[in-house]
Amino acid sequence: TSFLFMTGLKPVFHRKRPDMPIIKGITSFSFPSGHALSSFIFCGIVAYLVWKGRLSRPYKVLLTVVLFLFTVFIGLSRLVLNVHYATDVIGGYCLGVMWLIASFAILSKINARASHS
């Protein structure tokens, strides 16, 4: 669903990519950054699973920090490669947060209904 969400938004905003990208041949629109969006969602889900798991708290914190840094570095790579503007990456992160909040809210409602059955 996040891929459909992202690909549906790109033509709505219709934002062109920066001039002179290092990676040639990218023809899709720039906003939002799909890499930022997808990495944030992926790492957010993995962090959620880590916190639900049996690891001790220091390991949970360490893994969460590593996952967050991984997402940050993916976003920075999009800027270094000059294939996105900073606002594209920030927008991707913000949309990732929204997607995670909505998904976890839906999951919570499904779990609540299942426990009442």
Grab the two heavy atoms, one from [X] and one from [Y], that are nearest each other, plus how far apart they are.
X: P32; Y: M6; answer: CG-CG, 4.2 Å
X: T87; Y: F31; answer: O-CE1, 3.4 Å
X: S2; Y: L37; answer: O-CD2, 3.9 Å
X: L79; Y: V89; answer: CD2-CG2, 4.0 Å

> Using the ring of each side chain (for Trp, its six-membered ring), is Y93 parallel, tilted or perpendicular to F40, with breaks at 30° and 60°?
Replying inline: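 Tilted: the ring planes of Y93 and F40 meet at 30° to 60°.
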Side chain of [X], backbone of [Y]: donor and acceptor closer than 3.5 Å?
X: N82; Y: D19; result: yes
X: S38; Y: H35; result: no
X: S77; Y: I74; result: yes

Among the clusters formed by ILVMFWY side chains lying less than 4.5 Å apart, do [X] and [Y] turn up in the same one?
X: L100; Y: V72; result: yes
X: I101; Y: L49; result: yes
X: F73; Y: L81; result: no

Reported [atom1]-to-[atom2] distance for the pair [X] and [Y], which is rounded to 0.5 angstrom:
X: L4; Y: L9; atom1: CG; atom2: CG; answer: 11.0 Å
X: T1; Y: I41; atom1: OG1; atom2: CD1; answer: 7.0 Å
X: L69; Y: L76; atom1: CG; atom2: CG; answer: 10.0 Å

>> Between D88 and R78, does any side-chain N to carboxylate O distance fall below 4.0 Å?
In response: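 No, D88 and R78 are not salt-bridged.
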Under 3.5 Å, which donor-acceptor pairs do the side chains of residues 55-67 form with other protein atoms, sequence neighbours left out?
from: K60; atom 1: NZ; to: W51; atom 2: O; distance (Å): 3.2
from: K60; atom 1: NZ; to: G53; atom 2: O; distance (Å): 3.2
from: T64; atom 1: OG1; to: W51; atom 2: NE1; distance (Å): 2.7
from: T64; atom 1: OG1; to: K60; atom 2: O; distance (Å): 2.7

>> side-chain contact (heavy atoms from CB on, under 4.5 Å) for Y48 and L107? Distances and angles first, verdict last.
In response: CA-CA 12 Å; Y48 172 80; L107 181 63; 4.0 Å; yes
>> Can you tell me if Y85 has over 12 outside heavy atoms packed within less than 6.0 Å of its OH?
In response: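 Count over threshold, so yes.
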> Do other residues, nucleotides or ligands put more than 12 heavy atoms under 6.0 Å from F104 CZ?
Replying inline: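 Above 12, so yes.
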Please tabulate, for the side chains in residues 20-29, all donor-acceptor contacts under 3.5 angstrom to protein atoms that are two or more places apart in sequence or on a different chain.
from: K24; atom 1: NZ; to: P21; atom 2: O; distance (Å): 2.9
from: S28; atom 1: OG; to: R17; atom 2: NH2; distance (Å): 3.0

